[in-house]
Student: 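Submitted below is the structure of interest, expressed as structure tokens.
Just so it is clear: chains get the letters A, B, ... in the order the sequence lines come, proteins before strands, and each one is counted from 1. Please read these numbers as outputs of a predicted model, since none were measured by experiment. The analysis underlying the following values was restricted to heavy atoms, covering all of them including side chains, and did not include hydrogens, waters or symmetry mates.
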Amino acid sequence: MNLFTFFRDAISAILGRLVSAGTLPATVLDTRLTVEPPRDASHGDVSSNAALVLSKAAGRKPREIAELLAAELRGHPDVAGVEIAGPGFINLRLHPAFWTKRLADILTAGEDYGTSTLGAGKRVNVEYVSANPTGPMHVGHGRGAVLGDALAALLARTGHDVTREYYINDAGGQVDTLARSAYLRYREALGEAITIPEGLYPGEYLKPVGAALAARHGRALLDKPEAAWLALIRAETIAAMMALIRDDLAALGVRHDVFVSERDDVVAKGKVEQAVESLRRRDLVYRGVLEPPKGEKPDDWEPREQLLFRATAFGDVVDRPLQKSDGTWTYFASDMAYHHGKVERGFDRLIDVWGADHKGYVKRMEAAVKALRGDRDTQFEVKLCELVNLLENGEPVRMSKRSGTFVTLREVIDRVGAGVVRFIMLTRRSEQTLDFDFAKVTEQSKDNPVFYVQYAHARTRSVMRQAETALPGLDLSAAALAGVPLDRLQSKAEFVALIKTLAFWPRLLESAAETGEPHRVAFFLYDLAAQFHQLWTHGKDDHELRIVVAEDRDGTLARLALVRAVGYVVASGLRLIGVEPAESM
RNA sequence: GCGCCCGUAGCUCAGUUGGAUAGAGCGCUAGCCUCCGGAGCUAGAGGUCGUGAGUUCGAGUCUCGCCGGGCGCGCCA
């Protein structure tokens, strides 16, 4: 239960009654009001701007409306006090029993607490990673993978029907280059001395591919023209690269439901022609000549007539080419066709996770989806993912594909663990560059957020273990704890404050899902961990805050219930972003 | 030249999708270990939210201009 939507519904119900009674005009029902936690806890537990936003529609002063609503809200069973503050905010103070009931909710639901039906009936496609199948994943791909995977998990958790998708860019010139590079390694495996020319992929990871090709084909492909082997080697090498990438993804704990091949599923099936034809029917393509870009002109620029998509009709700055001068489709054309397919599969919402280097591409894809969705109202959004800077004790790790000092995602995972990688990737907003410092992320201190949050979870577990030895024979199962008298916790503000933070979790999940910002989960977990650690330490000065007190059996049970609930929410959040919670440190 | 992203404490960053007196960590200053795990905790100092207008009951948040940083800009993907 999201308690803020709970009280928003309560206020809406009151408004309905006031309208029926003729006290307020029906127009107030159309106004969007918010119910949220006040920034300052001294203002109460729940705050609404209802009176402020309704003022215009009602034709009355905010304070008058606030008084009307306040009078009704005072009768609500969970409300202990109502205040009108500032220009007309309605602040609710909730009865302490309301909070202990939420604690019981958590113990009953366990790690499912916060699961909601917000997205019920909505089909969402999240496309992420989509690294070109030309080599192992690097750390930047890893960030996109974590972001997309966590976002998909968030959407699923909030009731959406989620498809996790990977688009394989296996149709362009890059995979031909890949095939030629692999062919060289094939010749090398058969004993030839090779040099890798500029422009081909020099990576060692193609050696095993060359060896496998040699084992499978023997010398059959040697001394043949490229046309005789390109398609064959390309297909086998792409398969090998995708196996590599799937391995990397598995090591990170990231999975996809659907892999779509640009070559096999889009181009070969004539989807590009279909998409272009669909645009042509609505007069959205034409042959024309683009203006040269202003500022830095490409040296070899000369005007050419091309097949263009009228992207400017949908908010883009220029129309976009669909065909190269040799008549083949541009990457944009096939990607557009791919998105056309996603629209036709009937999703309500499409989310693409892209690297920030594709920023300049967003507008045209948005335009394409708008053009191709026709009468549907498919929503499309791109989540851009900024760079990751790898550091070693504050010093940048020099990376170069040439010199062989390139650090792959797999190396990072092997060194610090998938859980650490996943958590750290979410400690910044995605559009902010992220520093990943090997020294810091493995440090066992408060500097390291992964450790700090894991320690909080481990501490909840260790307290339970400690309680079992201090007070043998207690039933510490969640079911039993949900049933103990929890009102003992109401006497200490610190306990109630912690419950309030836990009760915020359902709302946090919903807002993170709606905004598509999984980093909010990581920040919430950090704040919750901090609050729990503080409570623990305060128990050293204030004995009433100690959890386990041998001579106070009932109080101990109530406090253990709280500890257990903290453990559930922390574990739930960690698992959501793909991190296994620690039992001990 | 155009488009997009970023600009918040000395540093690294949050900021509840327009709410009330802008927060956290690091660093700095001053404290706290006979006591459920000090792998930590408490207090203090530190801000014209890049800047100038606008929108309104209200702007770090929305709109426009300017300044600074980054990325991108036809036949690469």
Side-chain angles (χ1 to χ4, degrees), chain A residues 4 34 36-40 42-43 47-49 52-53 55-56 61-62 85-89 91 130 132 134 169-175 177 262 289-298 300-304 306 308 316-318 320-321 323-328 330-332 334-335 355-363 384 386-387 427-429 431-435 443-449 451-452 455 458-459 462-463 466-467 470 504 507-508 511-512 514-515 517 519-520 523-524 526-527 530 533-541 543 546-550 556 559 584-585:
Chain A
F4 301 96
T34 64
E36 49 190 13
R39 281 207 178 146
D40 189 336
S42 69
H43 289 133
S47 175
S48 178
N49 67 355
L52 294 165
V53 295
S55 172
K56 194 165 281 180
K61 289 179 183 164
F89 289 103
N91 294 330
S130 297
N132 294 335
T134 56
N169 296 139
D170 54 2
Q174 285 188 0
V175 285
T177 304
E262 178 185 6
V289 181
L290 287 177
E291 292 291 310
K294 299 282 198 290
E296 282 185 53
K297 275 186 196 169
D300 58 347
W301 197 91
E302 52 186 71
R304 282 203 182 91
Q306 294 171 293
L308 299 170
D316 202 353
V317 286
V318 290
R320 301 293 181 176
Q323 274 178 334
K324 305 174 194 173
S325 52
D326 65 2
T328 59
T330 59
Y331 174 74
F332 171 60
S334 59
D335 205 9
D357 52 338
H358 289 65
K359 234 176 254 183
Y361 198 76
V362 175
K363 284 259 180 197
L384 291 174
E386 266 294 346
L387 301 175
T427 53
R428 290 282 180 275
R429 272 163 49 222
E431 49 276 281
Q432 190 80 249
T433 57
L434 176 126
D435 288 345
E443 194 174 287
Q444 305 220 328
S445 80
K446 201 183 176 186
D447 274 8
N448 177 2
F451 171 78
Y452 194 63
Y455 181 35
R459 179 169 260 169
S462 97
V463 175
Q466 199 275 337
F504 193 77
R507 174 187 159 97
L508 186 112
S511 64
E514 281 192 309
T515 56
E517 296 183 341
H519 73 275
R520 293 186 187 208
F523 280 91
F524 173 83
Y526 184 85
D527 290 341
H533 287 312
Q534 279 166 32
L535 177 69
W536 182 264
T537 307
H538 286 159
K540 299 191 179 303
D541 306 322
H543 277 243
R546 294 169 70 86
I547 307 298
V548 178
V549 179
T556 296
R559 291 183 295 267
S584 62
M585 303 301 287

Student: For A/Phe332, does the six-membered ring have the charged nitrogen or CZ of A/Arg320 within the cation-pi criterion, i.e. under 6.0 angstrom from the centroid and within 45° of the normal?
Tutor: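 Cation-pi check for A/Arg320 and A/Phe332: fails.
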Student: If we ignore angles and hydrogens, is there a donor and acceptor under 3.5 Å between the side chains of A/Asn132 and A/Gln174?
Tutor: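 Distance-only check passes for A/Asn132 and A/Gln174.
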Student: Kindly say if A/Tyr452 contacts the phosphate of B/C41, meaning a side-chain N or O under 4.0 Å from OP1 or OP2.
Tutor: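 Yes, within the criterion.
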Student: For the pair A/Tyr361 and A/Tyr331, name the ring-plane relationship: parallel under 30°, tilted 30 to 60°, perpendicular over 60°.
Tutor: tilted
Student: Across the strands shown, which category fits A/Asn49 at heavy-atom distances under 4.0 angstrom: base, sugar-phosphate, nothing?
Tutor: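 Counting heavy atoms under 4.0 Å across all strands, the contact made by A/Asn49 includes a base.
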Student: Quick one: A/Tyr361 OH to B/C4 C1', roughly how many Å, whole number?
Tutor: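 That distance rounds to 16 Å.
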Student: Between B/G58 and B/C6, how far is it from one C1' atom to the other, in whole Å?
Tutor: 26 Å
Student: If you measure from the C1' atom in B/A22 to the same atom in B/A59, how many Å do you get, rounded?
Tutor: 12 Å
Student: Specify the separation, in whole Å, of atom CG of A/Leu535 and atom C1' of B/U42.
Tutor: 14 Å
Student: For each nucleotide in nucleotides 9-17 of chain B, reading 5' to 3', give B when a protein heavy atom comes within less than 4.0 Å of its base, S when such contact involves only the sugar-phosphate, and - otherwise.
Tutor: ---SSSSBS
Student: Which atom pair, heavy atoms only, marks the closest approach of A/Asp170 to A/Glu262?
Tutor: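 Scanning both residues, the minimum pair turns out to be OD1-N, 3.1 Å.
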Student: Heavy atoms only, 4.0 Å cut-off, all strands: where does A/Ala356 land among base, sugar-phosphate and nothing?
Tutor: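 Here A/Ala356 touches the backbone only, sparing every base.
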Student: Given B/C6, B/C76, B/G19, which nucleotide is nearest the side-chain atoms of A/Glu431?
Tutor: B/C6
Student: Please work out if A/Pro321 contacts a base, only the sugar-phosphate, or nothing of the nucleic acid, heavy-atom cut-off 4.0 Å.
Tutor: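 Contact class for A/Pro321: sugar-phosphate only.
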Student: Write down the atom of A/Phe504, the atom of A/Pro37, and the distance for their closest heavy-atom approach.
Tutor: CE1-CG, 3.4 Å
Student: For the side chain of A/Lys324, starting at C-beta, report the closest nucleotide among B/C57, B/C75, B/G3.
Tutor: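 It is B/C75.
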Student: Tell me whether the side-chain N or O atoms of A/Asn91 pair up with the base of B/A20 as donor and acceptor below 3.5 Å, since no angle test is needed here.
Tutor: yes
Student: Closest-nucleotide mapping onto RNA chain B: is A/Val362 or A/Gln466 further toward the 5' terminus? I mean the 5' end.
Tutor: A/Val362
Student: A/Gln534 side chain N/O closer than 4.0 Å to the phosphate oxygens (OP1, OP2) of B/U42?
Tutor: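 True: A/Gln534 side-chain N/O within range (under 4.0 Å) of B/U42 OP1/OP2.
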Student: Using the C1' atom on both, measure B/A53 against B/C11 and round to a whole Å.
Tutor: 32 Å
Student: So which nucleotide does B/U56 pair with, by the Watson-Crick or G-U wobble rule with both distances under 3.5 Å?
Tutor: none
Student: Rounded to whole angstroms, how far apart are CZ on A/Phe332 and C1' on B/C73?
Tutor: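 Whole-Å distance recorded here is 14 Å.
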Student: Of the nucleotides B/C75, B/C2, B/A77, which has the atom closest to the A/Gln306 side chain?
Tutor: B/C75
Student: Both distances below 3.5 Å, Watson-Crick or wobble geometry, any strand: find the nucleotide opposite B/G72.
Tutor: B/C2
Student: Expressed in whole Å, how much space separates the C1' atoms belonging to B/A20 and B/U61?
Tutor: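 The answer is 15 Å between these two C1' atoms.
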Student: If B/U29 has a Watson-Crick or G-U wobble mate with both distances under 3.5 Å, name it; if not, just say none.
Tutor: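 Across all strands, the one nucleotide that pairs with B/U29 is B/A43.
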Student: Distance only, no hydrogens: is a donor on one side chain within 3.5 Å (strictly under) of an acceptor on the other, for A/Arg459 and A/His533?
Tutor: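 There is such a pair (donor and acceptor under 3.5 Å, judged by atom type) between the side chains of A/Arg459 and A/His533.
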Student: Both distances below 3.5 Å, Watson-Crick or wobble geometry, any strand: find the nucleotide opposite B/U48.
Tutor: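 For B/U48, the partner nucleotide comes out as none, under the 3.5 Å rule.
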Student: For B/C36, give its Watson-Crick or G-U wobble partner with both distances under 3.5 Å, or none.
Tutor: none
Student: Measure the distance from NE2 on A/His538 to C1' on B/A43 and round it to the nearest whole Å.
Tutor: 11 Å
Student: Both distances under 3.5 Å, Watson-Crick or G-U wobble: report the partner of B/G23, or none.
Tutor: B/C13
Student: For B/G7 and B/G15, measure between their C1' atoms and round to the nearest Å.
Tutor: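 To the nearest whole Å, 15 Å.
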Student: In terms of relative ring orientation, are A/Phe523 and A/His519 parallel, tilted or perpendicular, with 30° and 60° separating the classes?
Tutor: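 Because their plane-to-plane angle is over 60°, the rings of A/Phe523 and A/His519 count as perpendicular.
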Student: For the pair made of CZ in A/Arg546 and C1' in B/C36, what is the distance, rounded to whole Å?
Tutor: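 Rounding to the nearest Å, CZ of A/Arg546 and C1' of B/C36 are 5 Å apart.
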Student: Taking the C1' atom in each of B/G65 and B/G10, what is the distance between them to the nearest angstrom?
Tutor: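 Those two atoms are separated by 31 Å.
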Student: Mind telling me if B/C33 is syn or anti? Syn here is a glycosidic angle within 90° of 0.
Tutor: syn
Student: Ignoring hydrogens and angles, does a donor from either the side chain of A/Thr134 or the base of B/A77 sit under 3.5 Å from an acceptor on the other?
Tutor: no
Student: What integer distance in Å separates A/Met585:CE from B/G40:C1'?
Tutor: 13 Å
Student: Using a heavy-atom cut-off of under 4.0 Å over every strand shown, decide if A/Gln444 touches base, sugar-phosphate, or nothing.
Tutor: base
Student: My understanding is that a pair needs two contacts under 3.5 Å, Watson-Crick or G-U wobble. By that rule, which nucleotide pairs with B/G7?
Tutor: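 Partner of B/G7: B/C67.
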Student: Looking at every heavy atom in both A/Pro87 and A/Leu52, which two are closest together, and how far apart are they?
Tutor: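 A/Pro87 and A/Leu52 have their closest heavy atoms at O-CD2, 3.5 Å.
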Student: May I ask whether A/His358 stacks on the base of B/G72, given the cut-offs of 5.5 Å between ring centres and 30° between planes?
Tutor: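 Check failed, A/His358 does not stack on base of B/G72.
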Student: Of all the choices, B/A77, B/C36, B/G3, which nucleotide is nearest to the side chain of A/Val548 once you look at every atom?
Tutor: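 Closest nucleotide among those given: B/C36.
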Student: For A/Asp357 and B/C5, give me the distance from atom CG to atom P, rounded to whole Å.
Tutor: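 Rounded to whole Å, this separation is 16 Å.
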Student: Whether A/Lys359 contacts B/C2 is assessed here as follows: a side-chain N or O lying under 4.0 Å from the phosphate OP1 or OP2. Is that the case?
Tutor: no
Student: With heavy atoms under 4.0 Å as the rule, sort A/Gly539 into base, sugar-phosphate or nothing.
Tutor: base
Student: Side-chain donor-acceptor pair under 3.5 Å between A/Thr433 and A/Glu386, yes or no?
Tutor: no
Student: Phosphate oxygens OP1/OP2 of B/C41: is one of them under 4.0 Å from a side-chain N or O of A/Lys540?
Tutor: no
Student: Expressed in angstrom and rounded to an integer, what is the separation of A/Tyr331 atom OH from B/G74 atom C1'?
Tutor: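 Result: 17 Å.
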Student: Taking for each residue the nucleotide of RNA chain B bearing the nearest heavy atom, is the 5' side occupied by A/Val549 or by A/Gln174?
Tutor: A/Val549
Student: How far, in whole Å, is B/C67 from B/G23 if one measures between their P atoms?
Tutor: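 After rounding to an integer number of Å, I get 33 Å for this pair.
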Student: Measure across A/Asn169 and A/Ser130 and return the closest heavy-atom pair with its distance rounded to 0.1 Å.
Tutor: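 For A/Asn169 versus A/Ser130, the nearest heavy atoms are OD1-O, 3.9 Å.
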Student: If you measure from the C1' atom in B/C33 to the same atom in B/G40, how many Å do you get, rounded?
Tutor: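 So the two C1' atoms sit 10 Å from each other.
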Student: Could you please name the option among B/C41, B/G19, B/G70 that lies closest to any side-chain atom of A/Phe89?
Tutor: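 Between B/C41, B/G19, B/G70, the one nearest the side chain of A/Phe89 would be B/G19.
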Student: Can you see which heavy atom on A/Leu384 is nearest to which on A/Ala356, and at what distance?
Tutor: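 Taking every non-hydrogen atom into account, CD2-CA, 4.5 Å.
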